Enquirer: 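Before anything else, here's the structure in question.
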Amino acid sequence: MSTHVTILGAGVIGLSTALYCARLGMQVTIIDQKSAQRDGCSFGNAGMVVPSHFIPLAAPGMVKLGLKWMWNPESPFYIKPRLDLDLLTWSLHFWKAATKQRLAAAIPVLRDLSLLSRQCFEEIGLDFGLVKNGLLMLCKQQQTLDEEAHMATTANTLGIPAQVLDAKATAALDPNITMDVCGSVFYPKDCHLPPTRFISTLETELTRLGVQFLWETEVKSFKVEDSTLRAINTTRGQVEGQEVVLCSGVWSADLAKSLNLKLPMQAGKGYSLTLPQPAQLPNLCSICTEARLAVTPMDGALRVGGTMEMAGINESITQRRVRGITLAFPQYFPAFEESDFAEVKPWSGLRPVSPDGMPYIGRTQRWKNLTLATGHAMMGLSLAPATGKIVSDILAGEKPTISLDLMSPDRFA
């Protein structure tokens, strides 16, 4: 008899987990509180697969930089001042994690996770528009380029190829678009894809594999016995499963709390704007380093996204945050003007951000049949296939190929 797995959350992490479980012959049910026509964090992101991003959010210097930025609502990183115990607890954990020792331990884990995920994207066997042209870290200032060059040296040491380019070499690498930069770092192993197309392809394949979707279904409580989750009480009745996977994004923390688990999490709101007919279209995706903007070509359109706004579970659009994006983008790409975005409807999504910059992946000691896969922050799409594979290995009784110690769901217990 095959294992019955119930997955809480139909974002990119939940769908990737379902794919690997179903391919192992497991019976899979996915529960999501939204409809099949949802537009959450898995859809409007930058669509990047980035082994180049091996530094966690909680890194030395980020506390000082965050304090500097948090007073400017148009800055790349903004925390809305408020009296909130969860935010204060999260901030304390963030401060404790932002050390050189913690960074040194986290870097090889994120590298291994990212490289595994890139391999999975290539081997997954589905057509979802993966483009393997690499990524440019664009720098307007020489000081920034020097800092990124130092990062490139680290990347090469870690086995992630990186090349420092001056302005002329940067322009030659992507001649389809005009750039105003002093140089860049090129990461050839990075990729990009259209997130909506990836999600749609996964859903089609899961349906073919017999995965059951329960849309517009809210989890109300859990039926427990000793240290086992026996059933899930939902708005559509009781759902049973031998194994439960919690990957509900920013809503994971509240569900974990109902199971007496401490899962510090903040909703990091990100924004994006997509130009359907851009004046120019690059071949490569890029990061505007000083402005912290992500720029991605997608099936003829151009998506520009960024910012990290921590204002609680709030999906409303803050126009000053959007203006920060539209003002910064033309500084790197002078063929564009702020007015190009006048008729573009901004998108926002809530990223699940752990305080130490590492996702929560693995079993918890509190419940025998519960596995967590959440807290990926801005790396959700990039790390989704690797996360799905690791979770399926756990449920199949296999030892994951990557150490999960720093990603333990119990690390803040």
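As the structure is a computational prediction, the values presented were derived from the model and not from experiment.
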Enquirer: Quick check for you: to the nearest 0.5 Å, what is the distance between Leu126 atom CG and Glu205 atom CD?
Expert: 5.0 Å
Enquirer: Is it true that Asp180 and Lys140 have a side-chain N and a carboxylate O under 4.0 angstrom from each other?
Expert: yes
Enquirer: What residue among Val245, Ile390, Leu24 forms side chain to side chain contact (heavy atoms under 4.5 Å, CB included) with Leu395?
Expert: Val245
Enquirer: Locate the shortest heavy-atom distance separating Val28 from Ala18; write the atom from each residue and the value.
Expert: CG1-CB, 3.9 Å
Enquirer: Got a sec: does the CD of Gln238 have more than 12 other heavy atoms crowding it under 6.0 Å?
Expert: yes
Enquirer: With the threshold set at 4.0 Å, does a side-chain nitrogen-carboxylate oxygen contact exist between Lys132 and Glu122?
Expert: yes
Enquirer: Below 4.0 angstrom, N of the basic side chain to O of the carboxylate: do Asp356 and Lys96 qualify?
Expert: no
Enquirer: So, applying side chain to side chain contact (heavy atoms under 4.5 Å, CB included) with Leu284, which one of Leu135, Thr170, Leu136 is it?
Expert: Leu136
Enquirer: Taking the ring centre of each residue, are Phe198 and Phe43 less than 6.0 Å apart?
Expert: no
Enquirer: If every non-hydrogen atom of Thr289 is compared with every non-hydrogen atom of Glu148, which pair is closest and at what distance?
Expert: CG2-OE2, 3.5 Å
Enquirer: For Asp174, is there any backbone N or O sitting under 3.5 Å from a side-chain donor or acceptor partner on Asn283?
Expert: no
Enquirer: For Thr318 and Glu309, does a side-chain donor sit closer than 3.5 Å to a side-chain acceptor?
Expert: yes
Enquirer: Say you draw a straight line from CE of Met358 to CG of Asp405; how long is it, rounded to the nearest 0.5 Å?
Expert: 10.5 Å
Enquirer: Just by distance, with hydrogens left out, do Glu290 and Thr144 show a side-chain donor and acceptor under 3.5 Å apart?
Expert: yes
Enquirer: Can Gln163 and Tyr187 be counted as having a side-chain donor-acceptor contact under 3.5 angstrom?
Expert: no
Enquirer: Without swapping roles, check the side chain of Tyr332 against the backbone of Ala291 for a donor-acceptor pair under 3.5 Å.
Expert: yes
Enquirer: Would you indicate whether Glu343, at its atom CD, is surrounded by more than 12 heavy atoms from other residues, nucleotides or ligands within a distance under 6.0 Å?
Expert: no
Enquirer: Looking only at heavy atoms, what is the nearest atom pair of Leu103 and Pro60, with distance?
Expert: CD2-CD, 3.8 Å
Enquirer: List the atom of Gly362, the atom of Pro409, and the distance in Å for their closest heavy-atom pair.
Expert: O-CG, 3.4 Å
Enquirer: Looking only at atom types and distance, does a side-chain atom of Ser248 sit under 3.5 Å from a main-chain N or O of Trp251, one as donor and one as acceptor?
Expert: no
Enquirer: For the side chain of Lys269 and the backbone of Ser316, is there at least one donor-acceptor N/O pair under 3.5 Å apart?
Expert: yes
Enquirer: With a cut-off of 6.0 Å (strictly less than), are more than 12 heavy atoms of other residues, nucleotides or ligands near CD of Gln365?
Expert: no
Enquirer: Taking all heavy atoms of Leu138 and all of Ser184, pick out the closest pair and write down the distance.
Expert: CD2-CB, 4.0 Å
Enquirer: Will you find, in the side chains of Thr228 and Asp226, an N or O donor that is under 3.5 Å from an N or O acceptor?
Expert: no
Enquirer: Parallel, tilted or perpendicular for His93 and Phe412, by the 30°/60° rule?
Expert: tilted
Enquirer: Could you measure the distance from the CD1 atom of Ile13 to the CE atom of Met379? Nearest 0.5 Å is fine.
Expert: 10.5 Å
Enquirer: Can you see which heavy atom on Pro264 is nearest to which on Tyr360, and at what distance?
Expert: O-OH, 2.6 Å
Enquirer: Quick one: do the Thr387 and His376 side chains pair a donor with an acceptor below 3.5 Å?
Expert: yes
Enquirer: Give, for atom CE of Met48 and atom NE2 of His192, the distance between the pair rounded to the nearest 0.5 Å.
Expert: 8.5 Å
Enquirer: Tell me whether Trp90 contacts the main-chain N or O of Val353 through its side chain, where contact means a donor paired with an acceptor under 3.5 Å.
Expert: yes
Enquirer: Should the pair Phe333 and Phe336 be assigned to parallel (<30°), tilted (30 to 60°) or perpendicular (>60°) ring geometry?
Expert: perpendicular
Enquirer: Under 3.5 Å, is there a donor on one side chain and an acceptor on the other for Thr274 and Arg303?
Expert: yes
Enquirer: Distance alone, cut at 3.5 Å: any donor-acceptor contact between the side chains of His53 and Ser114?
Expert: no
Enquirer: Hey, could you give me the OG/CG distance between Ser52 and Asp190, rounded to the nearest 0.5 Å?
Expert: 3.5 Å
Enquirer: Rounded to the nearest 0.5 Å, how far does CG of Leu263 lie from CG of Leu255?
Expert: 10.0 Å
